[in-house]
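Report on one structure; see the data block that follows.
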Number of protein chains: 2
Amino acid sequence: MELRTLRYFVAVAEELHFGRAAARLHMSQPPLSRAIKALEAETGAVLLERSSAGVALTPVGAVLLAEARALLDRADTLRVRVAVAAGAAVLTVGLLGDSTDPGVTRLARAFRARHPGVEIHVRETDLTDPTCGLHAGAVDIALTRAPFDETGLTVRELRADPVGALLRADDPQARRESLRLADLAGRRWFRFPDGTDGQWQSYWSGGEEREGPVVRAVQECRQAVLWNGTVGMTLAGHDPGDGLVVVPVSDMAPSRVVLAWREGDGNPLLRSFTQVAAAAYRPCLTPSTKAAQAEASKRRVP
Amino acid sequence: MELRTLRYFVAVAEELHFGRAAARLHMSQPPLSRAIKALEAETGAVLLERSSAGVALTPVGAVLLAEARALLDRADTLRVRVAVAAGAAVLTVGLLGDSTDPGVTRLARAFRARHPGVEIHVRETDLTDPTCGLHAGAVDIALTRAPFDETGLTVRELRADPVGALLRADDPQARRESLRLADLAGRRWFRFPDGTDGQWQSYWSGGEEREGPVVRAVQECRQAVLWNGTVGMTLAGHDPGDGLVVVPVSDMAPSRVVLAWREGDGNPLLRSFTQVAAAAYRPCLTPSTKAAQAEASKRRVP
DNA sequence: GGCCACGATACCGATCGGGTATCGAGGCGG
DNA sequence: CCGCCTCGATACCCGATCGGTATCGTGGCC
């Protein structure tokens with residue numbers, strides 16, 4: 001009963017799906033099945049009920065899940081405490097400068113309260129690098145928005161926000177209740193500079209090649225719309241102020257706030273930070289959001 | 001940072017000696033050295049100070065020791081809780097019927113209090129099988145006295161008691177302050193039946209072949225001495241009553257109360273039971289006892 | 001100065017963990 | 001009703017890891 005095995009079990013028990021759990025663990029499904037089977041042999045109890053309807057936890061499995069979470073949490077705490085004792089408890093958090101997320105300082109405070117002695121640095125970047133310098137090693141973990149090139153990274157979703165078109169208040173379509181992407185065909189859109197992550201660029205362009213001014217930061221987006229009358233996508237549900245309006249766009253996937261870190265990064269503060277973050281954002285991941293995700297992932301395959 | 005590695009570290013940190021720790025872990029020293037080195041690489045801190053004077057904990061190592069103990073304890077608790085949930089929380093404790101140890105029921109009570117739902121069976125045996133049926137599988141763990149055939153078993157010392165000669169009060173040597181084994185040469189000694197563990201037999205015979213009546217239980221020993229005028233070894237420091245006296249024997253190693261279980265036994269209650277037992281007996285393992293042990297182990301090699 | 005104690009290193013073999021390919025059962029649509 | 005599809009299980013292979021034996025290097029001590 002090693003920690004790795006328990007991590008595997010927690011993943012399966014949370015996903016209730018071997019394939020997804022394996023993906024989350026960056027491994028393939030067969031060894032995961034084997035590991036769970038070995039765990040069941042070791043405990044001498046059936047932990048998961050496999051049926052055609054899916055995977056379900058047995059009562060013993062539920063007990064193990066709770067205990068394993070507690071144990072893994074304790075293990076993370078151990079690593080942090082040792083790092084603190086060794087004077088190596090430093091975590092650099094990359095923050096996407098979209099100014100829509102109030103939570104980072106709160107996160108950092110919660111983290112410091114939980115693990116006295118840690119040092120958290122925040123490094124804010126503009127919209128041209130959604131990984132905030134993760135790939136380059138400038139930060140240890142990024143609190144940012146998907147999508148972007150995830151190769152070599154582990155990504156964990158914290159929240160999903162609806163998006164909409166940012167328009168001048170005097171735009172002909174500004175009064176609409178909602179729009180579809182097709183309604184904005186032919187308009188000039190603001191774009192991000194060359195070198196910006198392709199997936200990010202594509203998402204915020206609604207999946208098409210666009211024409212229009214280049215911006216780097218949220219404020220520039222607003223200025224581009226206000227001054228040049230272009231359009232662009234932004235988060236819905238906020239008051240853009242300043243003679244601008246946001247009209248929800250019904251056929252765009254919500255924008256996902258995620259944590260991302262380098263796969264296999266040994267920094268002991270990482271896991272604890274993700275835990276704290278997940279706890280802080282938990283109320284944001286509503287069932288409807290989850291359902292939307294499930295829908296999205298279903299649609300993705302065919 | 002797996003649990004196994006932490007177990008290794010705890011062993012070394014407690015023994016402050018790689019060789020002894022390796023012995024305790026039933027492995028050889030080189031892989032243990034390697035594992036500790038890997039752990040130091042993973043944590044990025046020096047955990048142990050190796051010098052010619054011996055091994056010492058660094059401050060970071062001390063933190064890790066405390067944290068690792070807590071984590072391993074939690075892991076044991078996890079296993080017990082899962083076993084309880086699975087309805088498999090049964091432990092059969094073998095108890096050597098020497099009637100000198102008041103602790104078992106107390107141990108069982110402490111264990112049940114710590115882990116509600118466990119079931120503890122006690123099986124008491126006579127002196128002819130110091131392993132209380134461990135080898136035969138009749139019990140899971142034995143609370144008994146060394147020495148005996150330890151092949152395939154893990155043994156952990158809880159306490160060491162001085163021993164002495166059991167004599168009739170009217171014996172010529174009964175008034176002596178202490179005796180040496182040589183003083184008892186030529187006397188008739190009580191013995192244990194054929195088939196009794198050889199090491200056990202040899203220890204209680206002072207290392208020599210003896211002549212005399214055969215006994216199976218503590219009461220029979222007393223009767224043999226009282227009625228037949230034979231001698232025999234028993235625990236010092238207790239009043240044997242009934243016209244008997246115990247005279248300390250200076251050249252016999254103290255009798256060690258030990259826990260023993262089958263190496264590699266997967267019963268999750270085992271480790272927890274040993275923890276509880278160790279905690280209950282801790283005040284009994286005085287520094288002098290420890291020193292005596294160290295002496296004994298030194299003497300054993302040459 | 002030589003022996004001894006003890007941790008580190010070198011090297012080897014067995015085991016284990018993870019990967020790919022494939023199977024088999026159950027559900028669902030044509 | 002048949003075939004496809006999904007998903008967990010199985011078979012098999014390979015490389016990493018772990019533990020063992022032999023040996024070294026160093027510092028203390030007679």
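Here is the naming used below: chain letters follow the sequence lines, and residue numbers restart at 1 for every chain.
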Starting from [atom2] on [N], measure out to [atom1] on [X] and report it in whole angstrom.
X: A/Glu2; N: D/dT17; atom1: CD; atom2: C1'; answer: 13 Å
X: A/His26; N: C/dG19; atom1: NE2; atom2: C1'; answer: 16 Å
X: B/Arg7; N: D/dC18; atom1: CZ; atom2: P; answer: 14 Å
X: B/Leu32; N: D/dG19; atom1: CG; atom2: P; answer: 9 Å
X: B/Gln29; N: C/dA5; atom1: CD; atom2: C1'; answer: 11 Å
X: B/Glu15; N: C/dC6; atom1: CD; atom2: P; answer: 12 Å
X: B/Phe18; N: C/dA8; atom1: CZ; atom2: P; answer: 5 Å
X: A/Leu47; N: D/dG8; atom1: CG; atom2: C1'; answer: 16 Å

Inset, instruction - Report yes if a side-chain nitrogen or oxygen of B/Ser28 is closer than 4.0 Å to either non-bridging phosphate oxygen (OP1 or OP2) of D/dG20; otherwise report no. - result: yes
Legend entry - Under-4.0 Å side-chain N/O to phosphate OP1/OP2 contact, B/Arg50 with C/dA8: yes
Legend entry - Smallest separation among heavy atoms of A/Asp251 and A/Arg180, with atom names: OD1-CA, 3.6 Å
Inset, instruction - Please check if atom CZ in A/Arg74 has more than 12 non-hydrogen atoms from other residues, nucleotides or ligands closer than 6.0 Å. - result: yes
Inset, instruction - Assess whether one donor atom and one acceptor atom, taken from the side chain of A/Arg4 and the base of C/dG17, lie less than 3.5 Å apart. - result: no
Legend entry - A/Met27 vs A/Ser52, nearer the 5' end of DNA chain C by closest nucleotide: A/Met27
Legend entry - Of B/His17 and B/Pro30, the one whose closest DNA chain C nucleotide lies more 5': B/His17
Inset, instruction - Could you point out which residue of B/Ile141, B/Thr144, B/Leu270 forms a side chain to side chain contact (heavy atoms under 4.5 Å, CB included) with B/Leu259? - result: B/Ile141
Inset, instruction - For the residue pair A/Thr77 and A/His115, confirm or rule out a side-chain donor-acceptor distance under 3.5 Å. - result: no
Inset, instruction - Using a strict 4.0 Å threshold on nitrogen-to-oxygen distance, state whether B/Glu2 and A/Arg7 make a salt bridge. - result: yes
Inset, instruction - Can you figure out which of D/dG8, D/dG19, C/dG19 approaches the side chain of A/Pro31 most closely? - result: C/dG19
Inset, instruction - Check every atom of D/dG19, D/dT10, C/dG18 against the side chain of A/Lys37 and return the nucleotide holding the closest atom. - result: D/dT10
